[in-house]
Number of protein chains: 2
Amino acid sequence: MCAMYGVPGTMSKPKINTMKELSETIGVSRPTLSKYFQDPAAVRPSTSKKIQERLSEVDYVYNFLTTRQNRKSTELIGVIVPSYKDLFFASLIESIEQSARELGYTIITQSSNGDSGVEANAVRKMRSMSVDGAIVAPIGVAADHDTFAAASEDFPLVFIDSRPAKSMTVANFVGTDNTQSIGAIVEYLCRTGDPPVFLGMPDLNANAQEREDAYRAKMLALNHEAIAIEPAVAGGSWEFEAFGYTVMDDCFGRREFTNSTILCANDRVAIGAIRAANKHGLFPRGGIAGGGLRIAGHDDHPLSQYMTPALTTVAQDVEGIADAAIQLLAQRARGGRSAEAVEVFLDATMKPRESA
Amino acid sequence: MCAMYGVPGTMSKPKINTMKELSETIGVSRPTLSKYFQDPAAVRPSTSKKIQERLSEVDYVYNFLTTRQNRKSTELIGVIVPSYKDLFFASLIESIEQSARELGYTIITQSSNGDSGVEANAVRKMRSMSVDGAIVAPIGVAADHDTFAAASEDFPLVFIDSRPAKSMTVANFVGTDNTQSIGAIVEYLCRTGDPPVFLGMPDLNANAQEREDAYRAKMLALNHEAIAIEPAVAGGSWEFEAFGYTVMDDCFGRREFTNSTILCANDRVAIGAIRAANKHGLFPRGGIAGGGLRIAGHDDHPLSQYMTPALTTVAQDVEGIADAAIQLLAQRARGGRSAEAVEVFLDATMKPRESA
DNA sequence: CCATAAACTTTACACGCGTCAAAATCATGA
DNA sequence: TCATGATTTTGACGCGTGTAAAGTTTATGG
């Protein structure tokens, strides 16, 4: 009717709406078609070939909703992240989608917008969609324990990036071991220059505290004094660059830390910090003797290498995390109900660049 | 069974699986419940209140798949973008999800991964899901005309960001008018310094050509010679920063364009170009007389203001685009079948910062 | 208190596909 | 050509919810 693309001469294939219709025009029974669609090899080769051929002459799309309703497995996996506008989460989603696609899963993504109410709604929606599992990068504050608990009765749940709020006992987790990653970069920084002070991230998920703790522990082990920069502003928002910029602009304005090594809790904070440094005429730089300002991050944000100076950081194994999470869910969905919660930690790797 | 969150004492509400079950324990008929869920105001206030109260004492999640199967409208909207790892698209998705949520729509997002085959599959999946409409940021090259054409028979389709390949005749489009946006920044650059040369983006969608054309047109109108930098590398990938960096690193290495005003086709290319400049000791800067290197971008990428120097650019109206696209689909889905293709252009606004 | 309309319940069918059992057909080897 | 097992067809039911029709209850107004 609405021939928006009406190109004269382009005769489109006849549209077929239901499998019953299809079975009639194609000349096989509907149950056989059903088997074919679930596994083309499940029917006789000659039949399979016949179906395949006739199918190409026809415009038929299976009904996703109905098929999922009736199968034991929906092959849907829910993904919830606090924000799309964070390249770390974006990278995670991209990798998750890819790993899922390879296993035949469809991803349903929802942003919690940094809001625990929205997060809870998203979890409920996943439940209503009968997903085979869900991957959640949780918000730390005021996470809705009951909602997660109820959901985990219905399907396996895997947390990534950060752990859920402490009220939870045990839960599946796939991510980076902050002790290892922060440890590695603290060690690097101490080895190549002054021991670092720590610039945290807003306390929005478990990583904020875990990374600071990891920093303190490593500094202690290395016999250095741990110093955390006290943010002059309340950092309650996910705008990490703004946070890093504001805090360090304030410090540098008072000529504080202008000669220090600053380890930031993540790259987005570091990007803001670098911007603040630049504004004050400072260009952090590693690899030279005699001190001077250095700034390092955590995550290996895709744009970190385009900063000036290029940001020294530790890279999380994003693909590894995505793949492990999907594998875990796939395994659980296929009846591998070990029931026991699993925690998978992947190593982060140093990315020494210019800034430290 | 798998009491991952088993907190002793936390008695969970009784789980109810079907609406029939619910109707029995709640004391109203199933059809009434059905009406209630579609619109709580559609039943008598006393009944509505009763249902609402009993509902809170029980753990019931409606079956998303089944409800969508039977409603005339699924209230699903498909979204397809070339990549999640591009903050412009990420911003778009975030705004789309928000606008959609307000209208009760659920978003199904898929990345085409810059691959037209994957894009076509995504469109087919949207068809199989019986979405009420789809929003797609298309890939320009070798777009699968037939797939889009078939889809647009089933539901309204809105293209955003860039137009589909030219093989298409007319299609719904919501986005920025490149003539206006590029025109604005060319005018600004000419007014505040040397007329710009143009650094394009890889030819991956219609914007590549459109923006260059817009640049040439505006330069012609202003009586200046249009000059496009010829990339020494083949830019076939979506890694725009790498493209901008490589091309300009090459130029600056030969001491070319080191004193020019460079307008980049988008901010990601500009970020790469700035990095190349910095590497060569160049810090583009506007607002000073007597020439010197200047670099400008297009889109107002969220990190543009954190570059050194902060990137001068034109901001697309991301929220406006998202909202207009959703509104258009909602209107069409509600029977407003004007059938005619609509094109909505939103103005971009100058963001003068430091780099030009 | 009754007439009337609105709201509700009951009953039934529909949606498109998964799945099962029984009957019919096919392919293969002797 | 026939026996045999594998595959397909036929027919039927189920999934959880939307929805329509007909009958019953409830609220409203006089």
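First the proteins, then the strands, lettered A, B, ... as listed; each starts at 1.
- Counting only residues at least two apart or on different chains, the salt bridge (charged side-chain N to carboxylate O under 4.0 Å, His left out) pairs with a member in residues 54-67 of chain A are A:D59-B:R127.
- Looking at residues 15-39 of chain B, you'll see B:G27, B:V28, B:S29, B:R30, B:P31, B:T32 sit with a heavy atom under 4.0 Å from some atom of DNA chain C.
- Here the straight-line distance linking atom CD1 of A:I326 with atom CG of A:L103 works out to 7.5 Å at 0.5 Å rounding.
- Using modelled atom types, one side-chain atom of A:E94 and one backbone atom of B:Y84 make a donor-acceptor pair closer than 3.5 Å.
- Using the six-membered ring where Trp is involved, B:Y60 and B:F37 have ring planes that are tilted, between 30° and 60° apart.
- Near-neighbour residues of DNA chain D inside residues 121-129 of chain A, defined by a heavy atom below 4.0 Å, are absent.
- Shown here for B:E97 and A:T109, the closest heavy-atom pair between the two residues is OE1-O, 4.0 Å.
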Query - Chi angles and distances behind the salt bridge (Lys or Arg N to Asp or Glu O under 4.0 Å) call for A:K13, B:D146 - result: CA-CA 10 Å; A:K13 302 166 186 169; B:D146 286 347; over 6 Å; no
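- Across all non-hydrogen atoms, the minimal contact from B:V118 to B:S112 is CB-O, 3.4 Å.
- Along DNA chain C, read 5' to 3', the first and last nucleotides having any atom under 4.0 Å from a heavy atom of chain A are C:dG16 to C:dA27.
- When every heavy atom of A:M126 is checked against every heavy atom of A:I108, the shortest pair comes out as CE-O, 3.5 Å.
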**Report entry** Candidate pair B:V123 and B:F148, rule side chain to side chain contact (heavy atoms under 4.5 Å, CB included), full reasoning
**Finding:** CA-CA 7 Å; B:V123 173; B:F148 282 123; 3.6 Å; yes
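- Scanning for salt bridge (Lys or Arg N to Asp or Glu O under 4.0 Å) contacts around A:R124 gives an empty result, with sequence neighbours left out.
- Under a 3.5 Å cut-off, the side chain of B:D132 and the backbone N or O of B:I77 do not form any donor-acceptor pair.
- The side-chain contact (heavy atoms from CB on, under 4.5 Å) test with B:L22 singles out one residue from B:N17, B:L55, B:I51, and that residue is B:L55.
- A heavy-atom distance below 4.0 Å to DNA chain D is reached by these residues of residues 46-78 of chain A, ordered by number: A:T47, A:Q69, A:N70.
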